[in-house]
Amino acid sequence: MNKYNFDEIIERRNTNALNTDGFRSYIFGASDDDDSMTFPYEDDEFVRMWVADMEFATPDCVLDKIRERLDRRILGYTRIFSKDYYNAFSSWCERRYDWTFGKEELLTSDGIIPALYDLTALLLEEDEKLLFLTPSYAYFQYSADVNGREAVHSDLINKDGYFEIDFEDLAKKAADEKTKLLIFCNPHNPTGRVWRKEELEKIANIIEENDLWVISDEIHCDLLRKNQKHIPLGKVMPEYKKLITCMAISKTFNTAGLMFSNVIVRDEELRNLWNESHINFENPLSIAGAMGAYESGEEWLEELRGYLDDNFKTTEEYLKEHLPKSKFSISEATYLAWVDLSEYFTPEEDLPEFFAYKAGVLLEGGRMFVKNADCFIRLNLAMPKALLLKGLERVSEAVNNKTNN
Ligand SMILES: Cc1ncc(COP(=O)(O)O)c(C=O)c1O
């Protein structure tokens, strides 16, 4: 018997949600109040399978702590002074990943994106380069772009829908004397790969041999399929000082709007530099919510993972039957499915546009993932099964209509 209801469909419109109201700018580069950008579907008719937040309610263990904090009635300037937050988060990491870190290493940020932007500026001189694997979460590229630094990409190898690191290529690019920083997505968005110990060890060797800074973005690490295990890069490189690990409750407990994440920095000098340029005040509601998640969120998380596992199986079966030429293997982590539609589309076609106009489905794909992503779509499966089936049906019908015409 399930304790939590992941089948409930929750209305999100009129909450200033990016998911419902921000797709015109995010996906199509238009203005969000551009009334001239219309579709054959009303905004509330879309099935939204795009931005990485969930259609599920944040659990009560988080919401109750926020309510409790609200009941204290004063929301003045706040900073993490007590040890409680460190204790709750580090014991989460110890229980789940058999890994921990010193209290002094823990910094917090109003999101991982701002941390990536700031760290790139702090760590790279103007002529130095940032390296990452492609396809990629686009904000790795933006971290280079907004700071005027050069990005270097190493394409993952697609082996029948299972993505592997091209270590030879990565080592070559890491050896460029101007390459100083690797942003490593562990587990990987968008392919959903959970990196094995051997892979992490090879990455660690490349980092050490080239004395790189590394930001291990582990924001998706709690959201693994039930048969998978996350290994923090910090566990494979226990002594390496130039490592920064980013984690958060935002994906796991659907609290991206609370703008709060963990940035674990081993290097003392870098922490000092960071502290000089950050005010480090926090939203008191965010701290309260994170405490609730780390102290009492595990039962809900395990049930969520079961529900997501089922959604992945449903998706696999649906695509096999209705889009037999699509290529898809169940993501090892994340709630994001990375689907290869190269038998149906050419690289020139704009997939997000096609599916918005022809299927009434909002999704991301292709160029939105920087490189090495032609003809791929990314489907967000973190939604009630009834909605998921509607989305899959619309995606399949639109593709089949296209190929039959
Ligand atoms: C790999 C990765 N890093 C960072 C983020 C965003 O982090 P935040 O919301 O904390 O800025 C996302 C969101 O999708 C992501 O996939």
Side-chain angles (χ1 to χ4, degrees), residues 79-116 118-120 122-123 181-188 194-195 197 199-201 203-205 207-208 211-224 229-253 255 258-278 280 282 286-298 301 333:
R79 185 173 285 157
I80 299 177
F81 295 107
S82 100
K83 255 189 132 178
D84 297 351
Y85 181 68
Y86 167 76
N87 289 341
F89 172 45
S90 64
S91 92
W92 173 274
C93 290
E94 210 165 332
R95 281 196 310 278
R96 298 188 73 84
Y97 309 121
D98 185 27
W99 174 73
T100 191
F101 49 87
K103 180 175 179 304
E104 70 288 353
E105 296 175 22
L106 178 60
L107 305 174
T108 53
S109 166
D110 53 348
I112 289 175
I113 297 170
L116 294 176
D118 293 349
L119 288 166
T120 300
L122 288 174
L123 295 173
L181 169 63
L182 172 72
I183 303 187
F184 182 59
C185 200
N186 176 32
H188 188 258
V194 169
W195 306 115
K197 186 158 176 276
E199 293 172 303
L200 293 169
E201 282 167 353
I203 286 277
N205 281 341
I207 292 167
E208 274 172 351
D211 193 29
L212 298 183
W213 283 98
V214 55
I215 303 175
S216 188
D217 180 345
E218 307 194 3
I219 193 170
H220 295 279
C221 70
D222 300 319
L223 292 167
L224 268 56
K229 199 172 150 30
H230 172 68
I231 308 174
L233 185 63
K235 194 171 168 188
V236 177
M237 311 183 78
E239 303 301 330
Y240 195 71
K241 281 277 176 263
K242 293 170 82 171
L243 169 86
I244 298 132
T245 305
C246 299
M247 289 183 177
I249 66 156
S250 51
K251 297 286 160 212
T252 318
F253 293 92
T255 60
L258 290 180
M259 309 293 297
F260 181 69
S261 42
N262 304 295
V263 183
I264 303 162
V265 178
R266 284 187 177 158
D267 184 84
E268 189 181 354
E269 208 176 313
L270 179 61
R271 290 200 299 270
N272 292 339
L273 272 178
W274 169 286
N275 284 328
E276 279 168 22
S277 56
H278 287 80
N280 288 339
E282 299 299 349
S286 307
I287 302 171
M291 288 291 292
Y294 288 135
E295 285 181 347
S296 347
E298 269 172 307
L301 174 56

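The residues of the chain are indexed from 1 along the displayed sequence.
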>> Which residue in the set Ile215, Leu212, Leu122 passes side-chain contact (heavy atoms from CB on, under 4.5 Å) when paired with Leu181?
In response: Ile215

> When Ser261 is tested against each of Pro114, Cys246, Ser109 for side-chain contact (heavy atoms from CB on, under 4.5 Å), which residue passes?
Replying inline: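 Result for side-chain contact (heavy atoms from CB on, under 4.5 Å) with Ser261: Ser109.
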
Between [Y] and [X], is there a side-chain heavy-atom distance shorter than 4.5 Å?
{"X": "Leu123", "Y": "Leu270", "answer": "yes"}
{"X": "Leu243", "Y": "Phe184", "answer": "no"}
{"X": "Pro232", "Y": "Glu218", "answer": "yes"}
{"X": "Ile231", "Y": "Asp98", "answer": "no"}
{"X": "Leu233", "Y": "Thr245", "answer": "no"}
{"X": "Ile112", "Y": "Lys251", "answer": "no"}
{"X": "Glu199", "Y": "Ile203", "answer": "no"}
{"X": "Ser216", "Y": "Met237", "answer": "no"}

Main-chain N/O of [Y] paired with [X] side-chain donor or acceptor, under 3.5 Å:
{"X": "Asn262", "Y": "Ile264", "value": "no"}
{"X": "Lys242", "Y": "Asp211", "value": "yes"}
{"X": "Trp195", "Y": "Cys185", "value": "yes"}
{"X": "Arg266", "Y": "Glu105", "value": "no"}

Taking all heavy atoms of [X] and all of [Y], pick out the closest pair and write down the distance.
{"X": "Ser286", "Y": "Phe260", "result": "CB-CB, 3.6 Å"}
{"X": "Trp92", "Y": "Ala293", "result": "CZ3-O, 3.7 Å"}
{"X": "Cys221", "Y": "Leu224", "result": "O-CD1, 3.0 Å"}
{"X": "Ala290", "Y": "Ile249", "result": "CA-CD1, 3.7 Å"}
{"X": "Met291", "Y": "Tyr85", "result": "SD-CA, 3.5 Å"}

> Is the number of heavy atoms from other residues, nucleotides or ligands under 6.0 Å of Glu104 CD greater than 12?
Replying inline: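 Counting other residues, nucleotides and ligands, CD of Glu104 exceeds 12 neighbours.
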
Out of curiosity, [X] [atom1] to [Y] [atom2], how far, rounded to the nearest 0.5 Å?
{"X": "Arg95", "Y": "Thr100", "atom1": "CZ", "atom2": "OG1", "result": "11.0 Å"}
{"X": "Leu273", "Y": "Asp118", "atom1": "CG", "atom2": "CG", "result": "11.5 Å"}
{"X": "Ile287", "Y": "Ile80", "atom1": "CD1", "atom2": "CD1", "result": "4.5 Å"}
{"X": "His220", "Y": "Asn186", "atom1": "NE2", "atom2": "CG", "result": "11.0 Å"}
{"X": "Leu116", "Y": "Ile183", "atom1": "CG", "atom2": "CD1", "result": "5.0 Å"}
{"X": "Glu276", "Y": "Arg271", "atom1": "CD", "atom2": "CZ", "result": "13.5 Å"}

>> Let's go through Trp213 and Asp267 carefully: what are the C-alpha distance in whole Å and the side-chain angles of both, what is the deciding distance for side-chain hydrogen bond (donor to acceptor under 3.5 Å, both in side chains) to 0.1 Å, and is it a yes or a no?
In response: CA-CA 10 Å; Trp213 283 98; Asp267 184 84; over 6 Å; no

> Stepwise, does the side-chain contact (heavy atoms from CB on, under 4.5 Å) test hold for Leu223 with Leu301?
Replying inline: CA-CA 8 Å; Leu223 292 167; Leu301 174 56; 4.0 Å; yes

Could you tell me how the ring of [X] sits relative to the ring of [Y]: parallel (under 30°), tilted (30 to 60°) or perpendicular (over 60°)?
{"X": "Phe89", "Y": "Phe101", "result": "tilted"}
{"X": "His230", "Y": "Tyr97", "result": "perpendicular"}
{"X": "Trp274", "Y": "His278", "result": "parallel"}

